[in-house]
Structure formats: C-alpha cells, structure tokens
There are 2 protein chains.
Amino acid sequence: MSDMNPTADAPRSPGRPRSVRADEAIVEATLDLLAEGSTIEALSIEAIAARAGVGKATIYRRWPGKDALLLDALRRLKGVVPQPAGHSVRDDLVLLVGAVGHNIDPRAERIMPCLVPEVNRSPDHFQLYQNIIEPRRKIMREVLRRGVATGELRADLDIEVAMALLTGPMLVQRLLRWHPELDDRLLPERVVDGVLDGLRTR
Amino acid sequence: MSDMNPTADAPRSPGRPRSVRADEAIVEATLDLLAEGSTIEALSIEAIAARAGVGKATIYRRWPGKDALLLDALRRLKGVVPQPAGHSVRDDLVLLVGAVGHNIDPRAERIMPCLVPEVNRSPDHFQLYQNIIEPRRKIMREVLRRGVATGELRADLDIEVAMALLTGPMLVQRLLRWHPELDDRLLPERVVDGVLDGLRTR
DNA sequence: CCGATACGAACCGGTGCCGTATCGAAACAT
DNA sequence: ATGTTTCGATACGGCACCGGTTCGTATCGG
C-alpha cells in the first residue's frame, strides 16, 4: 500500500479522485493471472493492466513497481484464520488441519504452489509467507499445548515435530497432489486420527 | 536421450566425433541453472549454452529442444532408490523417510521445489514427477504392507494415508523450510517414531 | 592430405517488457 | 465556468533476451 489514504487527514485534494474500481480491478487481475499459472517473474505490469482493463499509468500511479503491487495483492489473499471451538483437542485439530493450504479465496490454492520457488529464493517472500502462516501455526501450537496440559496428549510431546506431522500430509496433498485418489474432504480427519493414534498395533 | 549411441553398433561415423565433454557440460549447466533458482520456463537454451561454455548449435545438434534436454537432465538427477534392509519395519521406514526429497545430487534439493509449479500446471511434468517418485513410493508401500502382515502395524491401516503421514512432514520441511530450527538429520527418526506411536497418551 | 563432421562465436529477426509521455474525456472542488 | 487531477488508451525508445541459422575453424577417420 504505497500511498492509499482514503479517509481522515487527507486535505481534500482537488481534481478527479482515484478510482476505487481501478484499485480493485488491478489487484484482482494480479491474483487472477497468478491463479491461472503465471510465474511471479513472468508476471508483467503490461499483462496486469490489460487484464484489469486499465492503463499502465494507472498502475504506476499507485505502486512503484511489480514487487510492491505483488505484496499488496498477496496480502489481500490471506483470508481468515480459523478459530477452534476449544472443546475437543481432536476436533480442533481436524478443523485446523483441514484449513491447511485451504484459504477462503479459491485462487489461493492455485497460487500458493507457484510461490514455493520464490519463497525458497527471496528472503522477502519467505518472510511474507511466514507472516501469513505464522498466526495459523500459533493457534495449532496452542491447541497442542492444551492437549498436553489436559493429559490427552503425551507429556513429552515435541510441539514443533507434532505440527509437522499434522500439517505436512495435508500440505503435500494440496500442494503436490501427492495422491490424486485421496479424498480431500475426508483427509483431515484421517490424518488427525492417524497421527493421534499411531500406526502401530496397540 | 535423443540420439546418443556411444558404443557398439555405430558404423564408425566419419568426421569429428562429438565431444563427450560438451555433452556433460550441457547437462551439468542445465542442472546448475535450475539449482540456482531458474524456473523451467525461464530456462533458455542460450543461458545453458553460455553457462556450459558451448555454442547453441552444439545443443541443438543433440536435442531437438528445451523439453527434451530437460527430460534428460532431470532423469540423470534421479539418483538411486534406497533399498531397505528388511529387518525392522521401523528402521526401514526411517531410511525411506530420510530419503524423501533427499537425492544423491545435492542440487536436487534446490531443484525440486522449483518444479512444483510446473508439476501442477503441465500434465507432462506431472507425469515425469510421478515416474521419478513412484518407485520410491512402491518400496515404502511394501514395507508398510510387511508391517501389517507381521502384526507390527494395525491391521486396518490405510496404506496411502500412512504414506502421506510419513512423507508429508519431511517433504514440507525440505521443500518449504517449514521449521528452520528442526534438525534435518534427526527429523526422519522423530517423524517415524511419532507417527508409529501416535501423539496420544497411551 | 582430404572429406566429413563438430566446434564455438557471431548474427538475425522477432518478441516482450518497462517506464514515460501524451491525448481527449471525465470527475471532482471552488 | 475553471482549474486540477485521474481516467483509459496508445505510442514510444530502449533494452534485453531468445530461438535458430550461418560461418570460419578445429578435429577426426581413412
């Protein structure tokens, strides 16, 4: 958000006001193009402008360059962090695990995989990614701790490893289509139950 | 391999023989560039030639285009499929899980993440990816089935879900640097033990 | 030594993008 | 009405790169 100040202190600049419509259209076009498979590096201001039905100048008037625009657009994609009910640890985990890699915006599902390489390359993108997922991880961490406190989960549980165990399978499935046959809707339950109970004969 | 026939039946073609050195240099350059973060689509014959210290014609003489070259290069990257000892199911799993996303060539670790978007987009690349990992999955599947047969693992085990549980955490860690603090060397053991025993208090 | 082939470098035509400038029209404040 | 700013559109120069081919040279077998 370079210089967007729609309210308050603005000294009521003269002239024609910026079109909110254009604002929205630009961000939407960016996300659409990403969702359609464009690489971050392949994404061009020109393509965005064309897709948004907007002059390039309109974009440059708002953002200094591709990176700034991208940051804004991805931020808007984040979605809402799910709030577990807090009754059953198992049910809370099913909810959270089901939310892994499953943002509200359906485009996110197509976009996130494309960000993987960037995340590995650019510290900035890595940071952005971490900022997006950290709140969700925090919630899961708290649920796990609660489980340990109530005795539902092993006392010697390594929280970080446990989170990897829970989120890993879902992410791999949704990011890489690991097993095309696996049912996405049932998977969260099966993952949570599998990890909680273990594979070994008891 | 379009037309490489270094031995045997060759009718001893006249003229200057192809430089094995160039052959190697081209493939190496391709893998290097990928490992350095280049996208598949961003990878150009020109860049490869430059990096290999080779004329573009030398490349076109061997491969019809980028795709064919890439296929060859990635194939050469695959590495060896690990062979479990077959004594303890747990130890076998540790070995296999440790091998997930961990090819012999250290560049593979950098390259694989960059392929994620392509794998999601192009059916061809998806197929190539599946061809590479399927042999490994098959081995793990067999180990799991053996565990069920010997009674070490639950009789009602869903093999596919179990594989997702085991490989998911490792892949996420190695693909996305999920938890930068987690020790890569210890992780396989902890994942296998965690999944086998479960998180619940027994 | 000769013909044949491969070699690296250089070349060519084409594409796409960036960032800016300009235009007539539109939308606001005064 | 007037001045200011933004609008979408279009054009521009400049640049970078890319795919494929050509070219003179190097290296082989015979």
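Reminder, nothing fancy here: chain letters follow the sequence lines and each chain counts from 1. Model, not experiment: these values are computed from the prediction.
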For atom OH of B:Tyr60 and atom C1' of C:dC7, their distance in whole Å: 17 Å
Might you list the N or O atoms of the protein lying below 3.5 Å from N or O atoms in nucleotides 23-27 of chain C, with each pair's distance?
from: C:dA26; atom 1: N3; to: A:Arg16; atom 2: NH1; distance (Å): 3.3

For B:Ile45 and C:dG8, what is the distance between atoms CD1 and C1' respectively, to the nearest whole Å? 16 Å
Whole angstrom value for the distance that separates P of D:dT6 from CD1 of A:Ile59: 16 Å
Pair up each side-chain donor or acceptor in residues 82-89 of chain A with any protein partner under 3.5 Å, not counting sequence neighbours, and list the distances.
from: A:Ser88; atom 1: OG; to: A:Arg90; atom 2: N; distance (Å): 3.2
from: A:Ser88; atom 1: OG; to: A:Asp91; atom 2: N; distance (Å): 3.0

Would you say A:Arg136 has more than 12 foreign heavy atoms packed within less than 6.0 Å of its CZ? yes
Counting only heavy atoms not in A:Arg190 (residues, nucleotides, ligands), do more than 12 fall under 6.0 Å from its CZ? no
Nucleotide N/O of nucleotides 11-13 of chain D paired with protein N/O under 3.5 Å:
none

Hey, does the side chain of A:Ser19 come within less than 4.0 Å of D:dT6's phosphate (OP1/OP2), counting only N and O? no
Measure CG/A:Leu43 against C1'/C:dC18 and give the value in whole Å, please. 14 Å
dist A:Leu176:CG -> B:Thr167:OG1 (nearest 0.5 Å) comes out at 9.5 Å
Which sits closer to the 5' end of DNA chain C, A:Ala42 or B:Val54, going by the nucleotide each is nearest to? B:Val54
Tell me: CG of A:Asp23 to C1' of D:dC7, nearest whole Å? 13 Å
What distance do A:Arg51 atom CZ and A:Thr30 atom OG1 have between them, rounded to the nearest 0.5 Å? 10.0 Å
Is the shortest side-chain N to carboxylate O distance from B:Arg21 to B:Glu28 below 4.0 Å? no
Got B:Val195 and B:Leu93 here, is their nearest side-chain heavy-atom distance under 4.5 Å? no
Of the options C:dG8, D:dC7, D:dA9, whose atoms approach the side-chain atoms of A:Ala57 most closely? D:dA9
Checking B:Asp72 against B:Arg62 for the salt bridge (Lys or Arg N to Asp or Glu O under 4.0 Å) test, could you report, in this order, the C-alpha distance in whole Å, the side-chain angles of both residues, the deciding distance, and whether it holds? CA-CA 11 Å; B:Asp72 265 17; B:Arg62 288 163 163 78; over 6 Å; no
By nearest atom, which of the nucleotides D:dC18, C:dA6, D:dG8 is closest to the A:Thr58 side chain? D:dG8
By nearest atom, which of the nucleotides C:dT5, D:dT6, C:dC18 is closest to the A:Arg18 side chain? D:dT6
Check whether B:Ser44 reaches the backbone of B:Ala47 with its side chain - one donor and one acceptor, N or O, closer than 3.5 Å. yes
Pairs of donor and acceptor atoms involving the side chains of residues 179-188 of chain A, under 3.5 Å and at least two apart or interchain, shall be tabulated with distances.
from: A:His179; atom 1: ND1; to: B:Glu160; atom 2: OE1; distance (Å): 3.3
from: A:Asp183; atom 1: OD1; to: A:Arg185; atom 2: N; distance (Å): 2.9
from: A:Asp184; atom 1: OD2; to: A:Arg174; atom 2: NE; distance (Å): 3.2

I'd like to know if B:Glu134 and B:Arg137 make a salt bridge, using a cut-off of under 4.0 Å between side-chain N and carboxylate O. yes
Axis-to-axis angle across the helix from C:dC1-D:dG30 to C:dT30-D:dA1, five pairs each end, nearest 10 degrees, ~ 20°
Which residues in residues 28-38 of chain A have a heavy atom closer than 4.0 Å to any atom of DNA chain C? none
Do A:Leu74 and A:Ile111 have side-chain heavy atoms sitting under 4.5 Å apart? yes
Measuring only between side-chain heavy atoms, which start at C-beta, is A:Arg110 closer than 4.5 Å to A:Arg107? no
